[in-house]
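Convention: sequence-line order gives letters A, B, ...; per-chain numbering from 1.
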Amino acid sequence: MAQKPSIPKGTRDFTPEQVAKRNYIFNTIQTQFELYGFQPIETPSFENSDTLMGKYGEEGDRLIFKILNSGDYLNKVDDKLYQTKNSNAITSKISEKALRYDLTVPFARYVVQHQNEIEFPFKRYQMQPVWRADRPQKGRFREFYQCDADVVGSTSLWQEVEFVQLYDAVFKALKLEGVTIKINNRKILSGIAEVIGASDKLIDFTVALDKLDKIGEQKVKEEMLEKGISQEGIDKLKPLFTLSGDFNSQVEQLKGILNSSEEGKKGIEELEFIDKAISELGLQTVNLQLDVTLARGLNYYTGAIYEVSAPENVQMGSIGGGGRYDDLTGIFGMKNVSGVGISFGLDRIYLVLEELNLFPEAVAKNIDLLFINFGETEALFCLKAIKQLRLNNINSELYPDAAKMKKQMNHANKRNIPFVVLVGGEEMKSDSYTLKNMVSGEQEKVSLQDVIAKFK
RNA sequence: GUGGUUGUAGCUCAGUUGGUUAGAGCAUUGGUUUGUGGUACCAAGGGUCGCGGGUUCGAAUCCCGUCUUCCACCCCA
């Protein structure tokens with residue numbers, strides 16, 4: 001064999017079976033998106049670099065795949081700059097396009113660009129691949145799909161409520177039990193930072209707080225100190241680390257901490273609104289949980305923040321996330337358009353369903369009938385029958401070669417084809433078809449009409 | 001981006017302190033069986049030991065580089 005070909009790190013090929021399973025998830029999510037009134041859009045796989053750069057923080061910028069300019073791209077770089085070997089500065093000269101990193105920022109660009117054609121509030125969904133130059137691990141790829149639903153042009157908290165319901169509906173439809181939706185509010189985080197006198201260190205503060213369940217209270221405090229948050233401020237956080245009880249009692253404890261922060265109080269109000277509505281409406285399968293340490297996607301979220309955790313018995317990072325962003329379109333020059341949205345991580349949901357064995361049997365489309373090929377004249381006779389079957393929407397095909405019976409039967413087994421049809425000289429004479437059940441081994445001689453009636 | 005881990009036949013894996021021609025199971029192909037598969041038996045094909053250097057009389061085995069896999073950071077779906 002020649003040199004084996006390969007695919008880049010963090011990318012995958014999908015077998016027919018895998019594609020069928022992935023489509024099952026896509027279709028399930030899509031069905032719910034449409035039930036909730038979202039409409040599909042698509043955007044290009046790559047954007048102008050300045051559309052993406054600077055929107056995801058420093059870390060994000062590093063993970064964006066840049067596309068080299070065409071032609072003699074080094075020609076544009078002046079010698080002085082080239083000599084500095086400053087990668088960031090040179091990159092902007094030799095790369096003007098980049099692969100999309102998520103679906104939210106391209107969507108914001110879309111909204112601004114099409115603002116005069118869009119009827120607001122605009123509810124769109126989008127299921128497309130995104131690319132990140134991350135170091136791969138299990139459930140972490142360089143090319144993966146996101147399924148996003150967002151509403152722009154409405155500040156109503158009913159949207160937040162509906163997104164919780166939408167999550168619930170999708171996981172119910174996927175029969176995935178034990179999913180937890182963690183919810184928090186950026187305003188609460190800002191409020192706490194304000195109370196402890198660390199408003200200017202909001203990101204450092206929340207990044208450290210986010211690690212609480214992973215590294216523990218002591219380490220979190222150390223990290224905060226290290227980032228320049230005062231000991232006095234950290235002491236004020238004490239009630240935060242011991243927050244306990246259900247949604248309502250946690251909220252009550254939070255109120256104690258936040259009573260001097262207007263923004264923090266607003267955040268609590270919003271959370272209470274969502275929780276009250278959800279309690280009234282009820283959830284089918286997911287569990288809604290307040291988590292004040294949740295601090296994802298802070299780069300643009302301004303209100304509610306969601307994160308979706310897989311069932312506890314599966315080791316997998318978050319399988320979805322989302323939140324409210326009041327000014328995402330602002331970075332593209334369109335002010336005062338609030339948006340809120342959620343995302344499903346298709347590839348991770350796939351891994352979870354696979355691990356829990358939750359894919360329905362027969363997600364793969366298969367043919368019902370394989371006609372055994374006995375030779376030229378028989379093949380033509382079979383194709384006439386197959387033509388009729390197909391006109392009746394019955395999936396069927398002829399084995400292309402007059403190979404040995406054993407080989408053809410084996411082929412049917414390997415492909416899990418439930419029935420084979422044998423047509424030789426005898427059958428042709430009497431215009432009949434020997435239909436063999438590949439599971440039971442039983443066979444019977446029937447007419448074409450019988451076959452159609454059986455499989456239609 | 002930092003530190004570690006992995007790679008032997010299509011697949012899952014053996015391969016001793018460096019030592020002749022690198023093995024097994026499954027899968028594939030052919031046969032026992034020229035219109036009846038899954039079982040059984042017989043036989044065959046298939047490997048630059050991830051790739052590239054180095055050490056050595058001699059490397060799958062030791063060293064370096066590189067790619068890939070998975071893991072912990074980082075970050076995230």
*For A:D13 and B:G10, give me the distance from atom CG to atom P, rounded to whole Å.*
16 Å

*Can you tell me the distance, in whole Å, between the CD1 atom of A:I203 and the C1' atom of B:C74?*
15 Å

*How would nucleotides 36-44 of chain B be written as a contact map, 5' to 3', with B for base contact, S for sugar-phosphate-only contact and - for no contact, using protein heavy atoms under 4.0 Å?*
BBB------

*To the nearest Å, give me how far apart CD1 (A:I64) and P (B:A77) are.*
13 Å

_A:F144, nearest nucleotide to its side chain (from B:C70, B:C75, B:A77)_ = B:A77

*When rounded to the nearest Å, what value does the distance between C1' atoms of B:A22 and B:G15 take?*
8 Å

_Rounded distance in Å - CZ (A:R62) to P (B:C76)_ = 11 Å

*Have a look at A:G10 and say if it touches a base, only the backbone sugar-phosphate, or nothing, with a 4.0 Å heavy-atom cut-off.*
sugar-phosphate

*Measure from the side-chain heavy atoms of A:K414 and tell me the nearest of B:C73, B:U28, B:C75.*
B:U28

_I'd like to know whether the aromatic ring centres of A:Y125 and A:F33 sit less than 6.0 Å apart in this structure._
yes

*asked:* Quiz question: by atom type and distance under 3.5 Å, do the side chains of A:T11 and A:E143 form a donor-acceptor pair?
replied: no

_Passing option when A:D347 is tested against A:R22, A:K138, A:K21 for salt bridge (charged side-chain N to carboxylate O under 4.0 Å, His left out)_ = A:R22

*If you count the non-hydrogen atoms of other residues, nucleotides and ligands that lie under 6.0 Å from NZ in A:K445, is the total more than 12?*
yes

_Between the base of B:C74 and the side chain of A:R140, is there a donor and acceptor pair under 3.5 angstrom?_
yes

*Considering only atom P, compute the distance from B:U32 to B:U48 and round it to an integer number of Å.*
32 Å

*Considering only atom C1', compute the distance from B:G3 to B:A44 and round it to an integer number of Å.*
49 Å

*Atom-pair distance (NZ on A:K9; P on B:C51), nearest Å*: 19 Å

*asked:* Quick check: on RNA chain B, is the nucleotide nearest A:P136 upstream (toward 5') of the one nearest A:I319, or the reverse? Name the residue that is more 5'.
replied: A:P136

_So that I know where these two stand, are A:F344 and A:F171 an aromatic pair - ring centroids less than 6.0 Å apart?_
yes

*Gap between atoms CD1 and P, on A:I372 and B:U34 respectively (whole Å)*: 16 Å

*asked:* Determine whether A:Q159 and A:R324 satisfy the following criterion, side-chain contact (heavy atoms from CB on, under 4.5 Å), listing intermediate values before the conclusion.
replied: CA-CA 9 Å; A:Q159 308 293 357; A:R324 160 86 55 183; 4.2 Å; yes

*asked:* Can you see if the side chain of A:K404 gets near the phosphate of B:G31 - specifically, an N or O under 4.0 Å from OP1 or OP2?
replied: yes

*hbond_proxy A:R135 side chain to B:C75 base (donor-acceptor, 3.5 Å cutoff)*: no

*C1' gap between B:C75 and B:A14, integer Å*: 40 Å

_A:D150 side chain to A:Y325 side chain, donor-acceptor N/O pair below 3.5 angstrom_ = yes

*asked:* In whole Å, I'd like the distance from the CE atom of A:M316 to the C1' atom of B:C71.
replied: 14 Å

*Counting heavy atoms from C-beta on, name the nucleotide in B:C74, B:U28, B:A77 closest to the side chain of A:K211.*
B:C74

_Need to verify one output field. Residue with the more 5' nearest nucleotide on RNA chain B, A:K407 or A:Y145?_
A:K407

*Of the nucleotides B:A77, B:G35, B:C74, which has the atom closest to the A:S318 side chain?*
B:A77

_From C-beta outward on A:D134, which listed nucleotide comes closest to its side chain: B:C75, B:C76, B:U69?_
B:C75

*asked:* Tell me which one of A:V152, A:T329, A:T43 satisfies side-chain contact (heavy atoms from CB on, under 4.5 Å) with A:F107.
replied: A:V152

*Quote, to the nearest angstrom, the C1' distance that separates B:U21 from B:C63.*
28 Å

_Work out how far the P atom of B:U55 is from that of B:G45, and round it to whole angstrom._
37 Å

*When rounded to the nearest Å, what value does the distance between C1' atoms of B:A77 and B:U2 take?*
23 Å

*Candidates B:A27, B:U68, B:A77 - which lies nearest the side chain of A:Q146*: B:A77

*Let me know which of A:L189, A:N184, A:L212, A:T206 forms a side-chain contact (heavy atoms from CB on, under 4.5 Å) with A:T293.*
A:L212

_Below 30° counts as parallel, above 60° as perpendicular, anything between as tilted: where do the rings of A:F419 and A:F455 land?_
perpendicular

*Where does RNA chain B pair, written as one dot-bracket string 5' to 3', with Watson-Crick or G-U pairs under 3.5 Å, ( ) inside the strand, [ ] for crossing pairs and | for another strand?*
((((..(..((((.....[...)))).(((((.......))))).....(((((..]....))))))..))))....

*How long is the line joining CD of A:E223 and C1' of B:C73, in whole Å?*
12 Å

*Measure centre to centre between the rings of A:F359 and A:Y350, then say whether the value is under 6.0 Å.*
yes

